[in-house]
Protein chains: 2
Amino acid sequence: MGRVGLTTENVVRAGAELADEVGFEQATPAELARRLGVRTASLYSHVANAHDLKTRIALLALEELADRVSAAIAGRAGRDALTAFANVYRDYALAHPGRFAAARYRLDPATAATGAGVRHARMMRALLRGYDLAEPHRTHAVRLLGSVFAGFVDLESAGGFEHSSPDSAQSWTAILDALDSLLRTWPTTS
Amino acid sequence: MGRVGLTTENVVRAGAELADEVGFEQATPAELARRLGVRTASLYSHVANAHDLKTRIALLALEELADRVSAAIAGRAGRDALTAFANVYRDYALAHPGRFAAARYRLDPATAATGAGVRHARMMRALLRGYDLAEPHRTHAVRLLGSVFAGFVDLESAGGFEHSSPDSAQSWTAILDALDSLLRTWPTTS
DNA sequence: GCATCTGCCTAATTCGTTTAGGCAAATAGC
DNA sequence: GCTATTTGCCTAAACGAATTAGGCAGATGC
């Protein structure tokens with residue numbers, strides 16, 4: 001009956017691990033308490049409620065992801081930076097599916113503004129400095145890349161590419177190739 | 001106390017509408033029963049359980065989406081077909097957010113194989129006939145398009161583009177432009 | 001060594017999911 | 001038009017998750 005030593009930090013980190021194991025949706029206070037060897041009610045001193053727990057896991061994931069992207073693109077430019085950035089997303093999603101799902105959890109605007117979401121946007125723009133894009137094309141490109149990364153990784157981890165050849169890793173590199181070449185010859189007609 | 005006239009069909013359709021109003025995750029049997037003016041338990045004669053309800057809503061959404069895509073791309077090719085296809089996705093997602101979320105619900109492989117998912121894949125390949133892509137590039141392109149459509153629409157409906165200019169509609173057309181030009185000059189290096 | 005703080009507890013409420021079994025309205029056979 | 005059957009919706013009840021209120025005891029500060 002000794003104390004387990006819970007803190008908000010603690011609980012959230014354990015929640016993130018739980019999410020990776022059983023899925024973000026199933027990372028509930030009840031299940032988390034079970035894992036921590038504690039009564040469910042005890043968690044409510046550290047997180048406000050189920051939504052708060054999920055929000056904190058989401059913020060943790062965004063932070064981790066931003067750290068990794070930041071490390072990966074340092075000193076790289078152009079196509080190198082593009083693949084490094086993209087691979088961080090993909091690797092993170094494959095290694096930490098629950099956290100990655102958490103990173104896509106709908107945050108209210110105020111919370112999102114405080115979190116690491118802004119860092120992501122900034123890094124994406126930094127990445128595009130290696131390509132010669134004026135506004136508004138740069139913004140369009142940011143959104144395209146964000147869409148492709150999120151979309152591909154989502155489909156892949158949902159098993160959408162599982163039952164067909166070639167395997168998804170090949171498509172991934174081919175797509176990065178294509179995006180690189182697209183960014184170099186971005187159509188500025190409109 | 002007269003009978004409401006529930007059928008599986010009925011219940012699922014009402015569930016889809018509920019999902020559009022309150023979100024797919026919140027489209028629970030309990031809430032649905034409330035809307036239908038019926039006790040929760042009564043639904044269980046028509047759907048097996050909450051998961052079954054969600055699965056059926058997902059299948060309905062996939063079907064509707066496939067029907068619309070099919071109508072939209074008939075008689076079109078190349079860039080016309082591409083934008084028609086893409087706009088069906090986007091319009092559907094904006095008009096029916098709950099159903100669209102449902103369409104991304106993880107189905108077990110057997111169920112997925114029976115559903116309209118395969119029609120989507122076939123139509124996407126048909127769309128690409130307008131571009132000159134040999135295998136495996138065509139498959140890569142299918143996956144790229146799937147990723148972009150899903151990713152963009154997801155981010156947009158999650159409000160990811162809300163607090164920055166230019167507005168998302170402009171990015172959408174710019175991205176379709178870019179994709180069209182990319183498909184016409186697909187890099188076949190690898 | 002005492003007072004305080006606080007981490008985790010028990011107890012209780014509310015709500016969603018699900019199963020079992022019953023009654024009555026619709027339907028079909030004659 | 002009466003009877004038999006189906007079946008749509010019900011009540012009752014079990015179970016589990018989320019959440020709040022309040023209490024005890026172990027850690028901490030003096």
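Everything numeric here is computed off the predicted structure, so don't read it as measured data.
Per the geometry, CZ belonging to A:Arg39 stands 15 Å off C1' belonging to D:dG23, to the nearest Å. Atoms CZ (A:Arg35) and C1' (C:dC8) sit 21 Å apart, rounded to a whole Å. Rounding to whole angstrom units, CD of residue B:Gln26 and C1' of C:dC15 are separated by 14 Å. For the pair B:Lys54 NZ and C:dT18 P, the interatomic distance rounds to 10 Å; values are reported in whole Å. The interatomic distance linking A:Leu6 (CG) with C:dC9 (C1') rounds to 12 Å, in whole Å. Rounded to a whole Å, the CG atom of A:Leu32 is 10 Å from the P atom of D:dA18. In this structure, CG of A:Leu36 is placed 15 Å from P of C:dG7, rounded to the nearest angstrom. The distance between atom CG of A:Leu53 and atom C1' of D:dT19, rounded to the nearest whole Å, is 14 Å.
Salt bridge status for A:Arg56 with A:Glu9: absent, with no side-chain N to carboxylate O gap under 4.0 Å.
The six-membered or imidazole ring of B:His137 lies away from that of B:Tyr131, with a centre-to-centre distance of 6.0 Å or more. Side-chain rings of A:Phe100 and A:Phe24 stay apart, their centers remaining 6.0 Å or farther from each other.
Among C:dC8, D:dT20, D:dC10, the nucleotide with an atom closest to any side-chain atom of A:Tyr44 is D:dT20. Distance from the side chain of B:Ala41 is smallest for C:dT18 among the nucleotides C:dT18, C:dT17, C:dA11. Here the nucleotide nearest the side chain of B:Asn49, chosen from D:dA21, D:dA18, C:dT18, is C:dT18.
Between B:Thr28 and the phosphate of C:dT17, there is a side-chain N or O to OP1/OP2 separation shorter than 4.0 Å. Residue A:Arg34 places at least one side-chain N or O under 4.0 Å from the OP1 or OP2 atom of D:dA17. Taking only side-chain nitrogens and oxygens, B:His46 comes nearer than 4.0 Å to OP1 or OP2 of D:dC9. Contact between the side-chain N/O atoms of B:Thr40 and the OP1/OP2 oxygens of C:dT17 is not found at any separation under 4.0 Å.
Nearest heavy-atom pair across B:Arg125 and B:Arg138 is O-NH1, 3.8 Å.
Between the side chain of A:Thr8 and the backbone N or O of A:His46, at least one donor-acceptor pair lies under 3.5 Å.
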